[in-house]
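Remember, it's a predicted structure, so these values are computed and weren't measured experimentally. Per chain, numbering begins at 1; letters A, B, ... match sequence-line order.
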Amino acid sequence: MLQEISGRHEFSAFELASLASSSPSYDYSSENDTDSCCESQPCPQDFSLNFDRAFMPAVYSLLFVLGLLGNGAVAAVLLSQRTALSSTDTFLLHLAVADMLLVLTLPLWAVDAALQWVFGSGLCKVAGALFNVNFYAGALLLACISFDRYLSIVHAMQLYRRGPPARVTFTCIAVWGLCLLLALPDFIFLSADRDVRLNATHCQYSFHQAGHRALRLLQLLAGFLLPLLVMAYCYARILSVLLVSRGQRRLRAMRLVVVVVVAFALCWTPYHLVVLVDTLMDLGAWSRNCSRESHVDIAKSVTSGLGYMHCCLNPLLYAFVGVKFRERMWTLLLRLGCPGRAGPSRQPSSSRRDSSWSETTEASNSGL
Amino acid sequence: MSMKGTVIVLAVILCATIAQGFPMFKGGRCLCIGPGVKAVKVANIEKISVIYPSNNCNKIEVIITLKTHKGQRCLNPKSKQANILIKKAERMNF
């Protein structure tokens, strides 16, 4: 019998009767129901599941609306620009698109958390891959932005702005290509499977291959570690340069740099700490019990929501902190609201070719 | 360079932990914690469920519902009684 049995087998009353009569040889002398209480009772996951059922749909819908509005505003302002986009602006546009595509899948996960996965395996693969593609794209584009700023501030070298715009386009194509490649395993291994323990269908990985750990490690290195190290290095160098120089603009630029890194850390650290606790419990370093498990599950839901919130924060951080973005936003709104008066209200600054928002770039233009 | 250090530490935590993927792609946990009871009186049994390993729980679990609302027990899958039940379930599935 080499074939693997899956699922769940329930014995009927009739089978139980035959079991009782046909197997009188059990040794029950050591058995006692009452003293083996709590330790051996199965863990009901009702508490955390009920929490998810209420919490996740609420958070996901909120993030869906906020993410679409915020990133939509960023994309609209960028696309309404008359002049060609600078390199940072191009990355910001791609970042906004990635974040929008990610939050577009959130309603599906909301339904999944509230009921179960009712959309079939095809949509599970597509939505799961889309989610991961855009998650990696977000991380890699943040790395690209930091590298771009690093070059312009530390080396006073404007790799992208002086070169042909094709170079930026190529970088973006490379980023998206890499993300598609990284999400390919998700597309292959995700499927809508019935979970016998939850008694519900969920969109989950059907890993059976031994190599899947190596695969995920590769994903992790290319999708997380690389962008994080690039960001850390670039922003550390930028900070060290900005700290040496003085001036109001540079202080503001520094504030933005710190805010960006802190936001990324604040959004993702709690989740990874919770997952670390879970991993420790898996490894047996921390003993498991029912209430601890359900606490970890709830903490994971809350902190992952915080993590996804990062894609709603990107437009606020990268765009709304910049003064010029707000000006352009108002211009755009005025143009949309009253088309007749739009002409004169346009800001003269919008004709500048440098990045409209990122003050680090401005700092670099003003003499660094 | 304390920020750089912080970010590297974060990255290492990330490295150690993200391998299990986002919670939305995870199913339920194992139902039984610990070894479970060795045996249960057949007369007290109302229902027996044998649950096979899945993507989210890599062990076989035998859960017994007791009569008269005494709740459920995890039967140690390595025990003699569980082995007989598992064999019986296998026979019925094929």
Legend entry - Step-by-step side-chain contact (heavy atoms from CB on, under 4.5 Å) determination, B:R73 to A:Q41: CA-CA 5 Å; B:R73 295 284 179 278; A:Q41 279 182 355; 3.3 Å; yes
Legend entry - Heavy-atom proximity to chain B below 4.5 Å, by part of A:C124: neither
Inset, instruction - Would you give the length of the straight line joining atom CZ of A:R197 to atom OG of B:S49, rounded to the nearest 0.5 angstrom? - result: 11.0 Å
Legend entry - Other residues, nucleotides, ligands: >12 heavy atoms within 6.0 Å of A:F119 CZ: yes
Inset, instruction - Side chain from CB out, backbone as N, CA, C, O: work out which of these in B:I63 comes under 4.5 Å of a heavy atom of chain A, or both, or neither. - result: side chain
Legend entry - More than 12 heavy atoms of other groups within 6.0 Å of B:K67 NZ: yes
Legend entry - Which portion of A:L49 sits near chain B, non-hydrogen atoms under 4.5 angstrom: neither
Legend entry - Euclidean distance, B:N76 CG relative to A:S40 OG, rounded to 0.5 Å: 10.0 Å
Inset, instruction - Of all the heavy-atom pairs spanning A:N289 and B:I33, show the shortest one and how long it is. - result: C-CD1, 3.7 Å
Inset, instruction - Determine whether B:L31 and A:C43 make a side-chain contact, defined as any pair of heavy atoms from C-beta on separated by less than 4.5 Å. - result: no
Inset, instruction - Examine whether an atom of A:D193 lies under 4.5 Å from a heavy atom of chain B, and if so say whether it belongs to the side chain, the backbone or both; otherwise answer neither. - result: side chain
Legend entry - Within 6.0 angstrom of B:K78 NZ, more than 12 heavy atoms from elsewhere: no
